[in-house]
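Predicted, not measured: the structure shown is a model, and the values here were computed from it.
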Amino acid sequence: MNGLPEEDPARARRDRIALRIFLGGAAALLGAYFVADAAQLIPHAISVRWRSAHRGVLDLDGRYQEFDPDLCLGIAVGDTRYRFNYETRHAIVTRPLFGVRHWVVPDEVRYEGDVFTVTALDPFALLNATGVETVSLPPTLRHTNGAEALACRELRTLTLRLPGGGTRAFPQAKGFGEGALRALIPQPSE
């Protein structure tokens with residue numbers, strides 16, 4: 001009547017049965033995969049359980065056999081870790097070594113024949129100072145990068161050694177001076 005062939009009811013019924021069989025088989029196969037994966041019968045390479053447990057983990061393809069703390073945490077010299085700027089000969093303090101309770105940051109650092117002046121704190125240097133109770137900062141310091149605001153809870157006193165001699169202490173109870181520490185640090189000339 002309208003120019004379209006009439007649908008065969010037997011064919012439509014057969015198509016519905018085939019679709020149900022296909023969807024049922026796919027669901028059964030997927031269900032069997034998840035049961036086998038939960039039973040740890042699936043190899044790691046195709047396991048959903050294994051992949052989801054390691055989501056966000058970098059696969060370094062075996063190029064790095066061991067964790068190198070010098071690259072990630074800074075180079076350890078004495079009881080302090082540093083990042084070095086070889087062009088300006090400046091050292092940035094990144095953290096103390098584990099187990100240090102009274103941390104004295106030196107004015108300069110000697111490493112592999114080079115001498116570096118300690119001029120800055122990493123923003124997380126005092127946050128990473130877990131277990132440290134007191135820190136003595138050098139008179140050569142020019143940048144705190146807000147590290148005093150992120151200090152760990154164990155840290156009780158920051159002391160700045162002044163360029164002309166003497167010291168100035170900043171207790172934690174007063175928020176390490178709330179900017180007074182930075183006010184005492186000489187700013188670098190441009």
Side-chain angles (χ1 to χ4, degrees), residues 51-190:
R51 286 188 181 277
S52 64
H54 291 85
R55 187 172 288 132
V57 175
L58 288 175
D59 182 17
L60 300 174
D61 299 327
R63 287 180 286 185
Y64 303 99
Q65 296 298 321
E66 295 178 13
F67 171 71
D68 185 356
D70 288 349
L71 294 177
C72 298
L73 306 175
I75 296 170
V77 178
D79 57 5
T80 305
R81 288 191 174 274
Y82 305 92
R83 284 194 312 270
F84 297 123
N85 182 329
Y86 283 86
E87 184 178 330
T88 62
R89 298 288 190 242
H90 289 173
I92 299 170
V93 175
T94 61
R95 63 177 54 215
L97 294 183
F98 182 75
V100 175
R101 294 192 57 186
H102 303 288
W103 185 22
V104 178
V105 179
D107 303 1
E108 63 182 27
V109 182
R110 295 181 189 283
Y111 180 70
E112 293 184 347
D114 292 314
V115 178
F116 299 89
T117 304
V118 176
T119 59
L121 296 177
D122 181 84
F124 302 106
L126 299 178
L127 178 66
N128 294 325
T130 306
V132 176
E133 296 174 4
T134 63
V135 176
S136 177
L137 299 171
T140 55
L141 192 66
R142 297 295 176 261
H143 306 281
T144 64
N145 294 314
E148 71 277 10
L150 297 173
C152 66
R153 281 185 274 179
E154 294 95 350
L155 187 58
R156 299 289 171 238
T157 306
L158 279 175
T159 303
L160 178 64
R161 298 186 309 272
L162 301 173
T167 61
R168 175 82 187 270
F170 300 93
Q172 182 190 46
K174 299 192 180 214
F176 297 118
E178 296 176 358
L181 172 64
R182 277 178 286 190
L184 280 178
I185 295 173
Q187 295 302 309
S189 55
E190 302 298 322

At what distance, to the nearest 0.5 angstrom, does [atom1] of [X] lie from [atom2] of [Y]?
X      : Y      : atom1 : atom2 : result
Glu87  : Asn85  : CD    : CG    : 6.0 Å
Arg142 : Ile185 : CZ    : CD1   : 8.5 Å
Glu148 : Leu155 : CD    : CG    : 11.0 Å
Leu150 : Leu126 : CG    : CG    : 8.5 Å

I'd like to know if Glu154 and Arg156 make a salt bridge, using a cut-off of under 4.0 Å between side-chain N and carboxylate O. no
State, to 0.1 Å, how close [X] and [Y] come at their nearest heavy-atom pair, and which atoms those are.
X      : Y      : result
Ala125 : Val93  : CB-O, 3.5 Å
Asp79  : Trp103 : O-NE1, 3.8 Å
Leu127 : Cys152 : O-CB, 3.6 Å
Val118 : Thr140 : O-OG1, 2.6 Å
Gln172 : Arg153 : NE2-O, 3.5 Å

Tell me whether [X] at atom [atom1] has more than 12 heavy atoms from other residues, nucleotides or ligands lying less than 6.0 Å away.
X     : atom1 : result
Tyr86 : OH    : yes
Arg89 : CZ    : yes
Phe84 : CZ    : yes

Do the ring centers of Tyr82 and Phe116 come within less than 6.0 Å of each other? no
Counting C-beta onward and ignoring hydrogens, is there a side-chain heavy-atom pair between [X] and [Y] closer than 4.5 Å?
X      : Y      : value
Thr94  : Asn128 : no
Leu121 : Leu137 : yes
Leu184 : Arg168 : yes

Donor-acceptor list for residues 158-166 side chains, cut-off 3.5 Å, not counting sequence neighbours:
from, atom 1, to, atom 2, distance (Å)
Arg161, NH1, Val105, O, 3.3
Arg161, NH1, Ser136, O, 3.2
Arg161, NH1, Ser136, OG, 2.7
Arg161, NH2, Val105, O, 2.7
Arg161, NH2, Asp107, OD1, 2.9

Sequence neighbours excluded, every pair satisfying side chain to side chain donor-acceptor pair (under 3.5 Å) that has a member inside residues 115-126: Arg83-Asp122
